[in-house]
Every structure is written in structure tokens, then in C-alpha cells.
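Just so it is clear: chains get the letters A, B, ... in the order the sequence lines come, proteins before strands, and each one is counted from 1.
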Amino acid sequence: MIDITQLKEHLDHYKKKLTLKGYTGNLNEIISKHESKNNIQVKLDDLKNKKNVLSKEIGTLAQKGESINEQKKQSEQLSNEIQILQEEFDVLNSNLEKELLLIPNIPDDDVPEGTDESSNLELEKIIYKQSDNGPDHVEIGELIELLDFNTANKLSGSRFVVLKGKLAQLQRALIRFMLDEAASNGYEEYYVPYIVNSESLIGTGQLPKFEDDQFSVGEGKYLIPTAEVPLTNVFRNEAISVDDIPIKMTAHTPCFRAEAGSYGKDTRGMIRQHQFEKIELVKFVHPNESEKALDELVSHASKILDKLELSYRKVVLCSGDLGFSAAKTIDLEVWLPSQKCFREISSCSNFRDFQTRRMNTKFVDGSTKTYPHTLNGSALAVGRTLLAILENYFENGVGVHIPKVLKKYLTFDLIKIKK
RNA sequence: GGAGAGUUGGCAGAGUGGUCGAAUGCGGUGGUCUUGAAAACCAUUGUGCCGAAAGGUACCGGGGGUUCGAAUCCCUCACUCUCCGCCA
């Protein structure tokens, strides 16, 4: 949530920044709503004060046995006035709150301007072995007979996958490897619920705007779209002391995405699924430290690609491609030989105090209370990593080799083709 | 699923209609004492909103009601705990 006081003070700045983010709401209207809300509140508080004074007076008079009829009449009249004004206030206030929840975070100053991914800026390219032909992972899956979209379709529908045997083991090895990496970088491992309430999704920014992207399981509860939601919301309505910071958390969870609005996009293979595994890194840091923390987060995620010897590039997202809650995002994109291009495998973002304002997570340093900054990043999306390994480690007529760093988690170093 | 008991400040725990934003204890912070520390003692210590401030207002799980007045009475929802049943 943006700070309305800041918004009022630097309206032009916010207007410019929010336009870059594609926001089209009427900020002037929001500000005037806020002002009339405050005006009503002042009047309301004054009336309530009068009534409280009167009630006390009635108490004392009644104890003395004196007449209280006149005061009662006055009090009733005050009650009526209060009720009318209170209703007006409540409507205005909840209205305002809804609109505030729909305002996206503003981009950092070093975020390139642009409306779509064509304005994203490549920071760095790290190339290991890079082939630009060969079968895609779906074909490889058929050759090794361990990747089964048809059965998944029978069980559940489109955008699901069944992994078998050594391929399922390879995915498990990836998860263990990534969690071990996170641990060695100082992240504490969490096991968290995969179903969360709407308060949690509002806290991290998926709700109220992106209801359609979530899988609802009824009763106001949703499957998590990323471990970011439960991990970050661990500290919802909590105060974090300066001594506890930085907080570094990680979790492996499945992620569930409705993928509404992406019909016909990436329909082949396991690039875009309703369910996939991911290791997420989440940090709570001192407000002055978040820029540095983003670099650190990116380095933790990219080190995994380095160790797997997968070619990738670092891209800073432009303002228009930036997510709703993010102030700055650096994507890692892995090379896919079959598509002859880089595809997103990790997204590392700095949210600054946007999420902690929504969550009411305070940062306590001595007697001052502010908001800590949050960051998160995938390290990595496991499904896409698996896919990248299949394509980049495939040898024609032989099979899929196992990356060196994963060998200690497995009892084989090759997944042979069966036909 | 059935029966019952709860939800009060950072924690524990009083408070059943007015003087209660709330006793007391623990914890926290500041101080006295001490070479230093501990102990002891003294003071202080919830949050949001409006306001330049003074101050006002709201908050005793959430929502609603009764009343001039609600932490306290009523309704309702959520959650927690105990026992029984079922269950990985």
C-alpha cells in the first residue's frame, strides 16, 4: 500500500510514477475523498465527545437522584446526529481503503521506462554450453518415457504433468539441492500451509486485484500461487525489532496458478502449468538496506544456475512489465535450445515498504517505528529448471545427463532414452 | 460430527452496567545504589485515526443489538482448548 501522506505531498511525482506502472485511477479523487473523510472524522469526534461528557453527567445526576430527562433528550439527539454522520464516514472510509488497495507500488528511479517486455534491459549474459537446436523437452520426455501429459490431462485437465521414475527423482534432487543452497546462504527453512486466507493474499498484493489468477478452495480460502504469500505473511501484524533484521526465510512449496488470461500461451509442455514446484527466498530488511539486499538475492538465485551450468541472462524489468507490488524486479532467464531464446526461471523483487504497510508489519528501532522492506525471489522455479536440464543436458541417441552438482542426490548419472 | 469451556495490554491474569484504557504480577525502558554486575528501590511503559500543538476519538477476538451510558447484558460469526466419535 502506498503512503497517502506521501501521495498528497508529492502528487506529481506519484502521478508520473504510477502512470509508468500503467495505473489509470483518479488520484485527485482519492485525495479529496481522504480529505472529506478527515473532515467528517473531526466533526464526528467532536459529537462523540459531547455525548460522552453528557453520559457522565447523567451518571452523576442519577446518583444524586436529580432529574435527568433534559440530558437524556439531548443525548438522544446527539445519537441521531452521530449515527447519520457515522454511516457517511464508514461508506467513505471503506471506499477509500478499497481504492488504496488497488494502487500499485511505484517503480524505483533506476527502473527503465517502458510499457512491455521489449523495454526490459539486459544486465548480463552468462554462457555455458549453449546449443541452439535439438528436441524440446516434450519430445525428450517421449524418448525417455517419463514425462506424461496425457495421463495428467486424464487426472486433472490441461496444464498439469505427471513425472515418473528417474525424472521424478531428478525433480526431487533439484528441490533438495536448491534448499541446501538456500540454507548455506543463511535462509531458514519453513514448512507452510498451501492454503491461505484472503488477508494473507491482500498482504502480499495478490488480492483484491488478481482474484481471477487464484485458485479458490471456498470459504474465502485460496491455494497459494507462491510460497511468498505464506512466508511473508508470517510477519503480518507483527513488530520486528532491529535486532532480528535481516530475516531470511525459504520454503519449497507447490504453486497453484489459474493462469486466467493466458489461454493459448505456452500451451505445449511444462512451461506454464497450473501446479509447479518452487523454492522461494524471502527477506525482511532494514529500510536502508533493500537495494543491496536485492543484489544479494539475485546472486543467490543465479549461483544455482551457475552450479547447474545452465546459460542465462539477467534482465531488469521495465516499469510496465513490473508486477503490481514490486518497486524493482530482476528476472533470471535460462537458455532453452528448442526455443532458441531465454525464458524466465526466477524473478527477484524489492517491494520496499509496500507489502509491510499492507500487512501492518512494523520495524522497531529504539523508539521509532517504521516499516521494514520485503524482498523475494525464486531460487528457482523447479519445473522450469527441470525442463532446462532436459533440453540442455540432452545427448542425441543417448539420453539426459545429470548435472555434476546433482549427482550426490541421485544413484544414476544418465536418464537413458528408451527408443 | 456430538458435548462443554474460553478469547482482556509484550506475556500471565483481575475486572458482570457509569469514577475502566482497564487492578496486580512478569517482562521492557530510564534512573538510584555498585569498581562492574546481580538484587533491591524509584519512575516510566499498548495501538490506530484527526490535530502544528493542546487535546479529542476509537479499540478488552470480529460484526450487530439493548441502554442516556457496555470489557461487563443479548444475538451472531471466527478462532482456541477439553472430552467423546472418526481418521493419516
message = Please name the nucleotide paired to B:rA58 by Watson-Crick or G-U wobble geometry with both distances under 3.5 Å, or report none.
response = B:rU47
query = Taking the C1' atom of each, how far is B:rG9 from B:rU47, in whole Å?
reply = 10 Å
key: Interatomic distance where CG belongs to A:L96 and C1' belongs to B:rC49 [whole Å]   = 13 Å
task = Select from A:K37 and A:K221 the residue whose nearest nucleotide in RNA chain B is closer to the 5' end of that strand.
result = A:K37
key: Distance, rounded to the nearest Å, where A:R357 contributes CZ and B:rU47 contributes C1'   = 16 Å
request  = May I ask which nucleotide in the shown strands pairs with B:rU19, Watson-Crick or G-U wobble, both distances under 3.5 Å?
outcome  = none
inquiry  = Please report the distance, rounded to the nearest Å, between CG in A:L100 and C1' in B:rG48.
reply    = 15 Å
inquiry  = Once you apply a heavy-atom cut-off of 4.0 Å, does A:K43 come out as touching a base, just sugar-phosphate, or nothing?
reply    = nothing
query = Who passes ring pair (Phe, Tyr, Trp, His ring centres under 6.0 Å) against A:H373, sequence neighbours left out?
reply = none
key: Identity of whatever pairs with B:rC83 - Watson-Crick or G-U, under 3.5 angstrom   = B:rG2
query = Which residues, if any, of residues 4-11 of chain A bring a heavy atom under 4.0 Å of RNA chain B?
reply = none
ask   = Can you tell me how far P of B:rC50 sits from CG of A:L85, to the nearest Å?
value = 16 Å
key: A:N39 CG to B:rC49 C1', straight-line distance once rounded to whole Å   = 14 Å
ask   = Watson-Crick or G-U wobble partner for B:rU24, using a 3.5 Å limit on both distances?
value = B:rA12
query = For A:E99, what residues pass the salt bridge (Lys or Arg N to Asp or Glu O under 4.0 Å) criterion, not counting sequence neighbours?
reply = A:K33
note = Applying the 3.5 Å cut-off to both distances, the Watson-Crick or G-U partner of B:rU32 turns out to be B:rA40
message = Using side-chain heavy atoms (C-beta onward) and a distance below 4.5 Å, is A:R384 in contact with A:F276?
response = no
remark   = With B for base contact, S for sugar-phosphate-only contact and - for none (protein heavy atoms under 4.0 Å), nucleotides 55-72 of chain B reads -BSS---------BS---
Nucleotide paired to B:rG69 in any strand shown, Watson-Crick or G-U, under 3.5 Å = none
Phosphate OP1/OP2 of B:rU47 contacted by A:K369 side-chain N/O (<4.0 Å) = yes
task = Could you tell me the separation between the CG atom of A:D108 and the CG atom of A:L294, rounded to the nearest 0.5 Å?
result = 8.5 Å
key: Non-neighbouring partners of A:Y312 that pass ring pair (Phe, Tyr, Trp, His ring centres under 6.0 Å), sequence neighbours left out   = none
query = Given atom NZ of A:K362 and atom C1' of B:rG46, what is their separation to the nearest angstrom?
reply = 12 Å
request  = Report yes if some heavy atom in the side chain of A:M178 is under 4.5 Å from a heavy atom in the side chain of A:L174; otherwise report no.
outcome  = yes
query = Do A:S119 and A:E113 touch side chain to side chain, with heavy atoms closer than 4.5 Å?
reply = no
task = Give a yes/no verdict on a cation-pi contact between A:K209 and A:F324, requiring under 6.0 Å between NZ or CZ and the six-membered ring centre and an angle within 45° of the axis.
result = no
Contact summary for A:N153 and A:S158, nearest pair of heavy atoms = OD1-N, 3.2 Å
key: salt bridge (Lys or Arg N to Asp or Glu O under 4.0 Å) involving A:D321 - partner list, sequence neighbours excluded   = none
